[in-house]
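Okay, structure first, notes after.
A note on names: the letters A, B, ... follow the listed sequences, proteins ahead of strands, and every chain is numbered from 1.
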2 protein chains.
Amino acid sequence: MKYSRSEENYLKAIFHLQQAGSRGVSTNDIAEAMETKASSVTDMIKKLAAKDLVNYVKYQGVSLTESGRSTAIMVIRKHRLWEVFLVNKLDFPWDKVHDIAEQLEHIKSEELVTKLEAFLDYPSVDPHGDPIPDQHGNFKQTQKRLLVKCDLNEKYLCVGVKDSSSEFLRFLDKKHINIGSNITVLSKEEFDDSMQIQVDDQKHFISKKIAENIYVSAQ
Amino acid sequence: MKYSRSEENYLKAIFHLQQAGSRGVSTNDIAEAMETKASSVTDMIKKLAAKDLVNYVKYQGVSLTESGRSTAIMVIRKHRLWEVFLVNKLDFPWDKVHDIAEQLEHIKSEELVTKLEAFLDYPSVDPHGDPIPDQHGNFKQTQKRLLVKCDLNEKYLCVGVKDSSSEFLRFLDKKHINIGSNITVLSKEEFDDSMQIQVDDQKHFISKKIAENIYVSAQ
DNA sequence: CTTTTTATTTAGCTTTGCCTAAAAATTGTT
DNA sequence: AACAATTTTTAGGCAAAGCTAAATAAAAAG
């Protein structure tokens, strides 16, 4: 069964919103995420519900059905595989790949995804540290946490970012903070939650806003 | 300036038709090539004319403007580069890449094409032997000719195919006829234009229909 | 427990790209 | 030249995906 580009984008957005908050996803949230109007969202939701991709009760938001969830995951799988291709093979900087992957993720061909994945050597995460689902849709949610909530003097591994904007990613590049960097929080300012951190062998001061957008895992 | 997928497909079809016959391209020809109806073609032609992509006089067919031609060539460039990627990097057989390349050719990103081309090492032809335009739209039309029109006992180089259907390409694979194979016409049957040919170190009998779909160049 | 605010849905309109059926122009044939 | 056949265009409609504005439901506030 095949879905339109727009349907796939809605499913993806709903999936991401569902991951964030555990509640049913509201029309307005979807509208904001997709940069569209609530009325357009209602229209599309009805179509998705008719195709059994979402559970929908008027005025009560939506949740993905099994079928909707797996469709969303397959789109995300493609998106992340293409991001790996763009960064690892074509040498794109990691902050420039999102828009292109947004287009590539809608290419329809099972075989293409399978062969691309093999060509890339079965990567488990994309350039931003997000896990890549396998062909059955399975992926392990790394138990990552935001740097802002980390303990002092523990060694962490940078595993991903929350904000994927070019501005933020370029900031990280400038500070040599990459996926895989070792990070330790050396001190924390109670007043504004800014902190001094050690990244591999360099020390930096970063604001709360930065620390809120870096994911790390204990190591 | 950006054009829709549909507009790009029309421009591409018109370009190919224009290459084939030198006359202005007719509405019906476009409709047949695009597997759509003549009335739809008229609609689209008007839009393309309004955007100065084609020259259009009612009832007299169309021809591409400079802008239309270069847009078409850029789509063809992308199509052929992606075909090379699919065959050389992802190991697709050459008869399976067309449909996927039809999708990939519409991905919008100058940078992607540039980087893809470099990654593929600036190929000059696609897997079917068709030339790949450079970033300025230049490409040399190889002075190829159909095998059916070749002289006896001359050495030729297989440079492309006219028919790109899976059936035909698989036939060629079976006979080990590839782009780059050496071909010599050993004998020709006047009655039905069938011929005996030497392909590298193998001999085959082929019908007129086969010989009409293989392009060679003198060597 | 009303009232106000906010969220959601409905109604109706727009554009793109396609369709069918009918009209008009062109081309081919006596 | 006049009729027939073919090609092309027009007219009117449809589905997808979006929009604005108005109506309605739910949530928040008094």
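Taking side-chain N and O atoms only, Thr42(A) has no distance below 4.0 Å to OP1 or OP2 of dT10(C). Residue Tyr56(A) has no polar side-chain atom (N or O) positioned under 4.0 Å from OP1 or OP2 of dT8(C). Checking the phosphate oxygens (OP1, OP2) of dT10(D), a side-chain nitrogen or oxygen of Lys46(B) falls inside 4.0 Å. For the pair Asn28(B) and dT8(D), the criterion of a side-chain N or O lying under 4.0 Å from OP1 or OP2 is met.
The OH-C1' distance, from Tyr59(B) to dA24(C), rounds to 5 Å in whole Å. Between the CG atom of Asn9(B) and the C1' atom of dG17(C) there is a distance of 12 Å, rounded to whole Å. One atom, NZ of Lys37(A), and another, C1' of dG18(D), lie 10 Å apart when rounded to the nearest Å. Spacing between atom CD1 of Ile45(A) and atom C1' of dA7(C) amounts to 12 Å, rounded to whole angstrom units. Protein atom CE of Met44(A) is 8 Å distant from nucleotide atom C1' of dA16(D), rounded to whole Å. Across the protein-nucleic acid pair, Asp29(A) atom CG and dT8(C) atom P stand 7 Å apart, rounded to whole Å. We find that CD of Glu35(B) is positioned 18 Å from P of dG17(C), with the value rounded to whole Å. Lys51(B) places its NZ atom 7 Å from the P atom of dT16(C), with the value rounded to the nearest Å.
Closest to the side chain of Thr27(B), from the set dC19(C), dT7(D), dT9(D), is dT9(D). Checking dT9(C), dC19(D), dA17(D) against every side-chain atom of Ser40(A), the shortest atom distance belongs to dC19(D). The listed nucleotides are dT9(D), dG18(D), dT8(C); the one nearest the side chain of Asp43(A) is dG18(D). Of the candidates dT10(C), dC19(C), dG18(D), the closest approach to any side-chain atom of Ser6(A) belongs to dG18(D). When distances are taken from the side chain of Lys47(B) to each of dC18(C), dT9(C), dT16(C), the shortest belongs to dT16(C). Across dT9(D), dA17(D), dT8(C), the shortest atom-to-atom separation from the side chain of Ser4(A) is found for dA17(D).
Below 30°, between 30° and 60°, or above 60°: for Phe85(B) and Phe119(B) the angle between ring planes is between 30° and 60°, a tilted geometry.
No donor-acceptor contact under 3.5 angstrom links the side chains of Asp126(B) and His79(B), judged on distance only. For the 3.5 Å distance criterion, the side chains of Asn178(B) and Trp94(B) fail to qualify, holding no donor opposite an acceptor. Asn28(B) and Ser26(B) are not linked by any side-chain donor-acceptor pair at a separation below 3.5 angstrom, with hydrogens and angles left out of the test.
Under a 4.0 Å N-O distance rule, the pair Lys51(B)/Glu7(B) qualifies as a salt bridge.
The base of dT20(C) lies close enough to the side chain of Ser39(B) for a donor and an acceptor atom to sit less than 3.5 Å apart.
Annotation: of the two residues near DNA chain D, Gln60(A) and Ala38(A), the 5′-most nearest-nucleotide partner is Ala38(A).
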